[in-house]
Enquirer: 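Supplied in structure tokens, the structure appears directly below.
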Amino acid sequence: YKTNIAGVERIEILKGPQALLAGANSLGGTLNIVTKKPTTERIRDVSASYGSHAERTGTIDLADAINDSKEFSYRVIGSATRANGSDAGYDGRSQDYGLGELRWKNADTDVIFGASASKTHTPLGRYTVAIRGFIEPVPSTLPGNRSDGVDTETHSVFYTLQHSFSDKLQFTSRMQRASTDQDLNLWTPQFPVSVPNLLLSYSGTINRSNQTTTSGDHYLSYKFKTGPLDQ
């Protein structure tokens with residue numbers, strides 16, 4: 001929910017020893033979400049889609065070189081989604097997303113500065129229960145308000161730097177600071193009060209949280225040979 005697919009170039013799944021690159025909390029593996037980067041090849045992409053519950057999505061993707069030498073380039077991506085409703089009868093999903101990046105690249109150095117912002121509303125899904133020996137039909141009762149759901153707003157700034165001192169020695173530095181505000185408003189069934197009458201007890205949750213993280217890695221890499229192997 002923190003990443004819009006409009007700004008994603010690819011997703012890498014790191015398992016085994018390479019997952020340790022993300023630290024001690026990635027014992028089961030790591031998802032590395034690689035965002036789209038500025039390019040000197042001109043991009044002018046506009047797309048639109050239409051789906052269930054009158055969900056409309058529009059996306060624009062722009063990139064190009066800034067100067068004649070093509071050392072400077074940029075990337076700007078914007079996307080917006082709106083839906084009229086949801087399967088469960090709540091207000092529809094919505095999402096606004098923006099990504100802006102500047103890049104300077106020559107024969108030895110590649111630097112990218114960027115910022116992104118995302119605001120998302122995710123409605124609650126349908127539910128049912130199984131308490132009288134079979135799965136009940138989807139209840140017609142709508143717990144809570146139509147506007148209930150999960151609201152998430154994320155802002156991030158980041159940079160990446162790669163510099164080659166020689167064909168064998170390279171320095172890499174990457175850093176990102178992200179702030180996420182999440183607002184939960186939802187009702188969930190807990191346990192039956194009366195099984196024959198299918199009376200359920202519901203629990204309401206109203207919770208607001210903020211998470212700010214700063215992450216990065218900085219290292220030197222050196223290529224050399226040990227007999228038949230390149231290290």
Side-chain angles (χ1 to χ4, degrees), residues 1-11 13 31-36 43-63 75-101 114-131 135-158 176 178-192 198-213:
Y1 62 88
K2 293 182 180 180
T3 305
N4 191 302
I5 195 173
V8 174
E9 183 71 33
R10 67 184 185 275
I11 297 178
I13 301 176
L31 288 177
N32 184 30
I33 301 175
V34 182
T35 56
K36 295 178 179 179
I43 296 177
R44 297 290 186 269
D45 287 344
V46 177
S47 63
S49 64
Y50 186 88
S52 301
H53 306 289
E55 182 173 298
R56 296 90 60 199
T57 299
T59 303
I60 184 170
D61 186 356
L62 307 175
R75 191 84 177 248
V76 176
I77 299 173
S79 179
T81 298
R82 295 292 184 276
N84 289 350
S86 69
D87 287 340
Y90 292 94
D91 292 343
R93 186 176 77 93
S94 66
Q95 186 172 44
D96 297 313
Y97 173 79
L99 171 68
E101 295 175 304
S116 67
S118 178
K119 186 176 183 180
T120 303
H121 173 75
T122 304
L124 304 179
R126 295 188 299 174
Y127 75 98
T128 186
V129 293
I131 61 174
I135 298 176
E136 300 286 343
V138 176
S140 58
T141 303
L142 182 70
N145 303 309
R146 282 185 55 89
S147 60
D148 285 352
V150 182
D151 293 283
T152 307
E153 189 167 352
T154 301
H155 299 86
S156 68
V157 292
F158 56 90
Q176 174 178 270
S179 177
T180 299
D181 292 305
Q182 188 177 71
D183 194 356
L184 300 177
N185 292 276
L186 51 91
W187 288 84
T188 53
Q190 297 295 309
F191 54 85
L198 194 59
L199 294 179
L200 301 177
S201 174
Y202 289 85
S203 173
T205 300
I206 299 177
N207 178 51
R208 178 169 292 178
S209 62
N210 172 266
Q211 181 184 32
T212 301
T213 59

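The figures that follow rest on heavy atoms only: side chains count, while hydrogens, waters and symmetry mates do not.
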Enquirer: Does Thr152 reach the side chain of Ser118, with side-chain heavy atoms less than 4.5 Å apart?
Expert: no
Enquirer: Do Thr154 and Thr180 meet the criterion of a side-chain donor-acceptor pair at a distance under 3.5 Å?
Expert: yes
Enquirer: Is it the case that the side chains of His155 and Asp181 hold a donor-acceptor pair, with the cut-off being a distance below 3.5 Å and no angle test?
Expert: no
Enquirer: Check this for me, if you would: do Arg75 and Asp61 make a salt bridge, where the nitrogen-to-carboxylate-oxygen distance has to be below 4.0 angstrom?
Expert: yes
Enquirer: Can you name the residues that form a salt bridge (charged side-chain N to carboxylate O under 4.0 Å, His left out) with Asp183, not counting sequence neighbours?
Expert: Arg208
Enquirer: Does a side chain donor of either His121 or Asp151 reach within less than 3.5 Å of an acceptor in the other side chain?
Expert: yes
Enquirer: Hey, what do you get for OG1 (Thr122) to CD (Gln95), rounding to the nearest 0.5 Å?
Expert: 7.5 Å
Enquirer: With sequence neighbours excluded, what pairs up with Asp148 under the salt bridge (charged side-chain N to carboxylate O under 4.0 Å, His left out) test?
Expert: none
Enquirer: Within the structure provided, determine whether Ile77 and Asn4 are in side-chain contact (heavy-atom separation under 4.5 Å).
Expert: no
Enquirer: So Ser203 and Phe191, do their side chains get closer than 4.5 Å, heavy atoms only?
Expert: no
Enquirer: The test is side-chain contact (heavy atoms from CB on, under 4.5 Å); show your working for Gln182 and Asn207 and say whether it passes.
Expert: CA-CA 8 Å; Gln182 188 177 71; Asn207 178 51; 5.7 Å; no
Enquirer: Any salt bridge between Arg82 and Asp91, counting N to O under 4.0 Å?
Expert: no
